[in-house]
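First up is the structure itself, then whatever we jot down about it.
Quick caveat, the model's predicted, so the values are computed rather than measured.
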Amino acid sequence: MTTNSKGLKAWLTAEDTESPTQAAIQNIWMIWRRFADNPLGLLGLGIILLLVFAAIFVPWIATYSPFEQNLQSALRPPGGAHLLGTDELGRDIFSRILWGSRITLSIIVIVSIIVAPIGMLVGCFAGYYGGWLDTILMRITELFLSFPSLILALAFVAALGPSLENAVIAIALTQWPPIARLARAESLSLRHRDHISAVRLMGASNLRIVLSHIVPLCIPSVVVRITLNMAGIILTAAGLGFLGLGAQPPTPEWGAMVSTGRRFMLDSWWVVSMPGIAILTVSLAFNLAGDALRDALDPRQE
Amino acid sequence: MSHATDNAVRASGRRLNWRRYSRWSTTLASVATTLALLVVLTFVIGRLMPVDPVIAVVGADADRATYLKVQQELGLDQPLYRQFVIFVGQLFRGDFGTTLLTGRPVMDDIVRVLPATIELATVTIILGAGIGIPLGVFAAVNRGRAADHVVRLIALLGHSTPIFWIGMVGLMVFYAKLGWVGGSGRVDIYYEGMTDEKTGFLLLDSLLAGDMDVFWSAVSHIILPASVLAYSKIAYLSRITRSFMLEQLHQEYVTTARAKGVSARNVVWKHAFKNIRVQLVTVVALSYGGMLEGAVLIETVFGWPGFGQYLTNALVIGDMNVVVACTLIIGCVFITLNLISDLLYKFFDPRIK
């Protein structure tokens, strides 16, 4: 009631909160304040927002079609009508990189959507039930963890057949284990908490306890973990594309673009350099933002 | 009285032995389960394949009889569990089948290509640890100052750079433009095959043969891929060294040493660094194995005839015997490295005893 008179700022920093919602929003506000103190983190966030913006509005920003070939203007250096030059088929590299942002973003989003629930369910059930279920699930998790993620993704893509969809599935298969381990550690510490015992005494089933009382509490740390993994997802996807096992040409996926530009790199440096810079910028942005987010959530760490 | 104490001591000794024994058996059992699961996983990967392996051998227009015959020869007419038993049996004999293209045993090929990768990985880890660890110590000592931020930025860039791309940029700049280093392959083409293969490590072989031209050519070829791979190692090792060092520098013994008037340099290197050596050895050992991952991409870029290129070629043509064998080997390498680093920890850290 008093919020409007004292303004938003006061409501966000009030010592005694009036509702759980206010407390939650205050908490987010505090995290944001700490995050905003980190200029590199803000830079990363800015780049990510720019990427999202670009991905949404490509059709209006891109100056050329990503597939339109024009052999007469093949391998033009950057400048003039082609901001970042053209590739061996005369396609505008700037436009292709812009369209590629949609692919990169969808890979990140789809992998995260697949990985978060799987990792969380495996981890929470293993941690809550313990015993043989824990042993089996954690053995499997450790097996996946013992592989370098690119190698495992490569093996799966080779088995499933090279395509963008299979690359996404393969990356997802390599990304759930760290999340499962994290969720297990969280639920191990949660399962003897008072509020869980209280719910149990009220007669809630184990399934209900895990799904509606343990999983929600694991979400924040899982979100941070996934943000930190995003740079790795981008690099793995680009690596698969580069090896010809991810997105297939003529799809403007950045890794595949680097790969096709390889034959011309000695004479036309921009064909390889530009998509590479795009990969580097975006994965650096996610690393910067992820680092800042972790620091903001856990002020004890330096 | 003394008899009783004696018995108690003996009993506790026996209990200690038993505890140690049971801890060992738990470790062994967990390693054995992981290995067993690894075998199952690679079997599944091998059977997921999109192409019918029989058609890959006989061709699409073979008649039914030939098809069935080959299917039988490959053991693919058997039910899945039988196939699995046969697969495990072959593994125990060290038999990974033959390659699709050349028909040579996969195991022979792997033994042939492995030295090139080990050589590359060794040079990389020497560069990576030699630069990354001092950099991490430096960052920890200067915590919060400009130097620390610079090291952090170097590390972040290393984590964010696509390794295949930086390799190509390196080739464009240092090979094509400046001519400072060699290009593709392990040596210049006219030195190829000139040195007797004793160890398979070209740097070592050419030195042993006293062939300095070949040696320097090999050095100029290995330095760029090794530096590119080392950059990601530097990024990783400097961060982890920094956090290990910070943990030590906060301890009371460091304050005591400083209060006693030990010089700043000795506090850092003789006291704090000494205590993180074991942790560092295990981390370096694990990242030595992690090189197999970077090798897949870097060997493709540099035409390096090693394990990574072998695996990549197999992946592109869908040669599943090779893929399965390589995955299995990489898995085994990592499980072994994990085990070794565990054991090193137990062996060197008196607190764990």
Counting heavy atoms not belonging to B:F87, are there more than 12 under 6.0 Å from its CZ?
-> yes
Heavy-atom nearest pair, A:L266 first then B:K177, reads O-NZ, 4.5 Å
Of the backbone (N, CA, C, O) and the side chain (C-beta and beyond), which part of B:L153 lies under 4.5 Å from a heavy atom of chain A, both, or neither?
-> side chain
Give, for atom CG of B:L38 and atom CZ of A:F144, the distance between the pair rounded to the nearest 0.5 Å.
-> 10.5 Å
Per-residue contact mode, A:L245 against chain B (heavy atom under 4.5 angstrom) = side chain
Winner by heavy-atom pair count (cut-off under 4.5 Å) against chain B, out of A:L150, A:V282, A:L40 = A:L150
Measuring heavy-atom distances to chain B, does A:I234 have an atom under 4.5 Å in its side chain, in its backbone, in both, or in neither?
-> neither
One option among B:V169, B:V301, B:L311, B:L286 has the most heavy-atom pairs under 4.5 Å with chain A, and it is B:V301
What distance separates B:M172 CE from A:S273 OG, expressed to the nearest 0.5 Å?
-> 3.5 Å
Side chain, backbone, both or neither: which part of B:T312 has a heavy atom under 4.5 Å from chain A?
-> side chain
With a 4.5 Å heavy-atom cut-off (strictly below), which parts of residues 326-335 of chain B touch chain A? List them by number.
-> B:T327, B:I330, B:G331, B:F334, B:I335
Is there a side-chain contact between A:E142 and B:N338 (heavy atoms, below 4.5 Å)?
-> no
Kindly indicate whether the side chain of B:L41, heavy atoms from C-beta on, has any atom under 4.5 Å from the side chain of A:F156.
-> yes
Steps toward side-chain contact (heavy atoms from CB on, under 4.5 Å) verdict (B:L315, A:V157) = CA-CA 8 Å; B:L315 285 165; A:V157 173; over 6 Å; no
A:W269 side, atom CH2; B:M168 side, atom CE - distance, nearest 0.5 Å | 14.0 Å
Between A:F286 and chain B, which part of the residue has a heavy atom less than 4.5 Å away: side chain, backbone, both or neither?
-> neither
Apply side-chain contact (heavy atoms from CB on, under 4.5 Å) to the pair B:L171 and A:M265, showing each step before the final yes or no.
-> CA-CA 9 Å; B:L171 271 178; A:M265 71 175 186; 4.0 Å; yes
So, the part of A:I140 with a heavy atom under 4.5 Å from chain B: the answer is both
Applying a strict 4.5 Å limit to non-hydrogen atoms, the region of A:A231 in contact with chain B is neither
By residue number, those in residues 155-167 of chain B with heavy atoms under 4.5 Å from heavy atoms of chain A are B:L156, B:L157, B:H159, B:S160, B:T161, B:P162, B:F164, B:W165
